[in-house]
2 protein chains.
Amino acid sequence: MADKKFIDFYKKNLEETKRKIKASVTDDLLIVQIINNIDDLNKIINILAKDLREWYSYYNPEFSKEIQDHARFVELILSGKDKKIKQSMGAELSKEDLKPIFNLAKKIKDVFEFRDEQEICLEKMMKKVMPNATAVAGSVIGARLLQHAGSLKRLIMLPSSTVQLLGAEKALFRHIKSGSKCPKYGVLHEHPLIMKANRKDHGKIARALADKISIAARVDYFKGKFIGDELIKGLEERFG
Amino acid sequence: MADKKFIDFYKKNLEETKRKIKASVTDDLLIVQIINNIDDLNKIINILAKDLREWYSYYNPEFSKEIQDHARFVELILSGKDKKIKQSMGAELSKEDLKPIFNLAKKIKDVFEFRDEQEICLEKMMKKVMPNATAVAGSVIGARLLQHAGSLKRLIMLPSSTVQLLGAEKALFRHIKSGSKCPKYGVLHEHPLIMKANRKDHGKIARALADKISIAARVDYFKGKFIGDELIKGLEERFG
């Protein structure tokens, strides 16, 4: 009798625990996973592009120096437009020797395309989970803020001055320890408003941006109505 | 008049340099590139598989622990055989949430296949450039020896005791500096003869193997006739 009671209790307890674990997986955690994956894909593109450049330069060393952008480099090799440079000092490789190089270029193009696909998935999820913050920060920057904070709940509990510096932890601690310049922004540095502004306005814009993102993220967390367009419009009028 | 002479000299010199650079690209350098690429692809598979496991475990945490092998893990997810575990404590994800996870699994399978393709290319080149060493060591181990030595010419100039320890540099220097155990082999540890032998015979087999590989590589460098089958047969009779 006591045994049965105990087993019942154990089962209920297990069920309850499973239910809680299930419920703990929220959409913002999936966003963190997808942005982690995008970061890794960018790393992978760099690894493979380095391999390709080193290998390819046996064949046509001048070409690799001329084209710095990885995506364009791969594209030109695949389209056969890499042969324009005459009198290359590269070796003459047989078709068979070139095959694995060409295949590698194809694979890099694949990874580029896959990264773009994952970014589209990310954008969809961001618009669903954080429509306001996405409108202000953009989906990639918004996701990166989430990645650094850990979850949406933790992001909205941060003061906006912390949001401004998320992703600049290293520079911040260097500033505190050794008195070097204080960073003005972390992951926000890729935001179009900052990118196109004068250097001297960067700090001001980053501060305003972090303010609005904090407000937007809080509205998102409490499922308020959509005010993202107003927020970004206000910023664009001030700094755009 | 003197100018023309000078320009002629300059042109001839340039041509000669280009010719020499062209000639310096030998097949063994291409093999080193391809094995470098294979190493990077293995690294990439690990990065992506780690991403996949972490992400997927929100959905079905028990499954990732049960299947340790990356290739099988990916295969089971793609074939839909991952749903067998009942009462998983994972979250219920929508189809849309699962899409990027599934796409990642597909991409990992792609990279696996690409690595296998590159290994086939490697084998072809190894059989062409180092038929004897390939017969004794196998194409991947042979290529790795080449990678560590730098070129075929440098490989054949190494004593066989160095060949035996190529790839074990770290353990060797630790042995010299701090008196820890001397390593018995480096990249040779994956050779089937060593893999299936008793632990106590490992050193003996590695020494014999390195001897034969050194002989085989020298025959390859000087374009001698094919004796690889005799060499490996002798080893198999002694240790197989």
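Protein chains get the first letters and strands the later ones, always in sequence-line order, with residue 1 at the start of each. Predicted model, so just to flag it, every value in this text is computed and none were measured.
Annotation: maximal heavy-atom pairing with chain B below 4.5 Å, among A/N37, A/I120, A/I21, occurs at A/N37.
Within the 4.5 angstrom heavy-atom criterion, no atom of A/L52 approaches chain B. No part of A/K106 comes within reach of chain B, as not one of its non-hydrogen atoms sits under 4.5 angstrom from that chain. Only the side chain of A/D27 comes within less than 4.5 Å of a heavy atom in chain B; its backbone stays farther off. For a residue to count as touching a neighbouring chain, one of its non-hydrogen atoms must lie under 4.5 Å from one of that chain's; by this rule A/K20 does not touch chain B. In this structure, chain B has a heavy atom under 4.5 Å from the side chain of A/L41, while its backbone stays farther away. Both the backbone and the side chain of A/E54 come within contact range of chain B, judged by heavy atoms closer than 4.5 Å. Neither the backbone nor the side chain of B/K50 comes within contact range of chain A; no heavy atoms are under 4.5 Å apart.
The CG atom of B/L104 sits 9.5 Å away from atom CD1 of A/I34, with the distance rounded to the nearest 0.5 Å. Rounded to the nearest 0.5 Å, atoms CD1 (A/I47) and CG (B/D39) are 11.5 Å apart. Between B/E113 atom CD and A/K107 atom NZ the span is 7.5 Å, to the nearest 0.5 Å. Taking OH of A/Y58 as the start and NZ of B/K22 as the end, the distance is 16.0 Å to the nearest 0.5 Å.
Using a 4.5 Å heavy-atom threshold, the side chains of B/Y59 and A/V25 count as separate.
Heavy atoms of other residues, nucleotides or ligands lying less than 6.0 angstrom from CD of B/E92 number 12 at most.
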Let's go through A/K43 and B/I44 carefully: what are the C-alpha distance in whole Å and the side-chain angles of both, what is the deciding distance for side chain to side chain contact (heavy atoms under 4.5 Å, CB included) to 0.1 Å, and is it a yes or a no? CA-CA 9 Å; A/K43 212 190 303 170; B/I44 284 165; over 6 Å; no
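Between B/Q33 and A/D51, the shortest heavy-atom contact is OE1-O, 4.2 Å.
Sorted by first and then second residue, the salt bridge (Lys or Arg N to Asp or Glu O under 4.0 Å) pairs with a member in residues 96-105 of chain B form an empty list; sequence neighbours excluded.
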